Amino acid sequence: MASKSSVRKVRNEDINPCIEESDGSQKCLDAYNYDKSKCSAYFMKYKNCRKYWHAVMLQRRRDGVKPDMPTAEEREQILTALGGKPY
């Protein structure tokens, strides 16, 4: 069973940039009685989100920017500047 601190990390918007995509995947699974074949679009959105923000995190780490992962507020500004989610 997951500890309370790990659950908080997953639900913390400053740590996890893909909460919305994760929730979408979970809701889809719930709606389709856990038939994964019906939710592949949601899974791809989540995977692409994780891949995008992981690349951002690695670049910030290389550039010496702290924290490695932009805060929720910073991510919102980045996405606004890009004109929406690139994934």
Side-chain angles (χ1 to χ4, degrees):
M1 187 169 175
S3 70
K4 287 184 180 182
S5 66
S6 67
V7 170
R8 273 188 295 234
K9 280 184 181 178
V10 171
R11 300 303 306 168
N12 183 335
E13 288 185 3
D14 282 334
I15 296 172
N16 182 358
C18 301
I19 291 174
E20 185 179 321
E21 289 77 6
S22 175
D23 289 348
S25 295
Q26 190 60 52
K27 286 178 185 173
C28 180
L29 287 171
D30 290 343
Y32 289 105
N33 202 24
Y34 289 80
D35 181 354
K36 293 179 182 178
S37 66
K38 306 263 187 190
C39 301
S40 59
Y42 289 95
F43 298 152
M44 281 307 290
K45 275 186 181 178
Y46 177 74
K47 183 178 178 181
N48 291 337
C49 176
R50 296 295 300 175
K51 190 184 299 186
Y52 177 81
W53 289 111
H54 183 73
V56 169
M57 184 181 73
L58 291 177
Q59 186 60 50
R60 286 171 62 102
R61 192 175 291 159
R62 273 186 233 115
D63 295 343
V65 178
K66 293 288 182 183
D68 294 339
M69 179 62 70
T71 63
E73 186 179 312
E74 286 178 289
R75 287 194 307 270
E76 191 62 42
Q77 292 171 352
I78 292 168
L79 292 175
T80 300
L82 292 172
K85 294 179 179 179
Y87 43 88

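Keep in mind that the numbers below use all heavy atoms, side chains included, and drop hydrogens, waters and symmetry copies. Every value quoted in this text rests on a predicted model; they were computed, and no experiment measured them.
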Visitor: Within the distance-only criterion (no hydrogens, no angle test), does the side chain of Arg60 pair as donor or acceptor with the backbone N or O of Val65 below 3.5 angstrom?
Guide: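 No.
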
Visitor: Of Lys27, Lys85, Arg75, which meets salt bridge (charged side-chain N to carboxylate O under 4.0 Å, His left out) against Glu20?
Guide: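 Result for salt bridge (charged side-chain N to carboxylate O under 4.0 Å, His left out) with Glu20: Lys85.
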
Visitor: Do you know which two heavy atoms are closest between Asp14 and Met69, and how far apart they sit?
Guide: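 Looking at all heavy atoms of both residues, the shortest contact is O-CG, 3.9 Å.
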
Visitor: Between Met57 and Leu82, is there a shared hydrophobic cluster once you connect ILVMFWY residues whose side-chain heavy atoms come closer than 4.5 Å?
Guide: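 Yes, same cluster.
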
Visitor: Search all heavy atoms of Cys39 against all heavy atoms of Leu29 and return the closest pair with its distance.
Guide: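 Taking every non-hydrogen atom into account, SG-N, 3.6 Å.
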
Visitor: In Å and rounded to the nearest 0.5 Å, what is the OG to NZ distance from Ser25 to Lys45?
Guide: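 The NZ atom of Lys45 is 9.0 Å from OG of Ser25, to the nearest 0.5 Å.
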
Visitor: Answer with yes or no whether the hydrophobic clustering places Tyr32 together with Phe43; edges join I, L, V, M, F, W, Y residues whose side-chain heavy atoms lie under 4.5 Å apart.
Guide: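 Each belongs to a different hydrophobic cluster.
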
Visitor: Checking side chain to side chain contact (heavy atoms under 4.5 Å, CB included) for the pair Lys47/Glu21: CA distance, chi angles, key distance, verdict?
Guide: CA-CA 9 Å; Lys47 183 178 178 181; Glu21 289 77 6; over 6 Å; no

Visitor: State the CG-CH2 distance between Asn48 and Trp53, to the nearest 0.5 angstrom.
Guide: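 Taking CG in Asn48 and CH2 in Trp53, the distance rounds to 13.5 Å.
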
Visitor: Which class fits the ring pair Tyr87 and Tyr52: parallel under 30°, tilted 30 to 60°, perpendicular over 60°?
Guide: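 It falls in the tilted class, 30° to 60°.
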
Visitor: Before giving the answer on salt bridge (charged side-chain N to carboxylate O under 4.0 Å, His left out), spell out for Asp68 and Lys66 the whole-Å C-alpha distance, their side-chain angles and the decisive distance to 0.1 Å.
Guide: CA-CA 5 Å; Asp68 294 339; Lys66 293 288 182 183; 3.8 Å; yes

Visitor: Going from OH on Tyr42 to OG on Ser22, what distance comes out if it is rounded to the nearest 0.5 angstrom?
Guide: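 Answer for the OH-OG pair, Tyr42 versus Ser22, is 13.0 Å.
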
Visitor: Considering all heavy atoms of both residues, which atom of Cys49 and which atom of Pro17 are nearest to each other, and what is their separation?
Guide: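 Result for this residue pair: SG-O, 3.9 Å.
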
Visitor: Is the number of heavy atoms from other residues, nucleotides or ligands within 6.0 Å of CG (Asn33) greater than 12?
Guide: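 It does not: Asn33 CG has 12 such atoms or fewer within range.
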
Visitor: Checking side chain to side chain contact (heavy atoms under 4.5 Å, CB included) for the pair Asp23/Arg11: CA distance, chi angles, key distance, verdict?
Guide: CA-CA 10 Å; Asp23 289 348; Arg11 300 303 306 168; 2.8 Å; yes

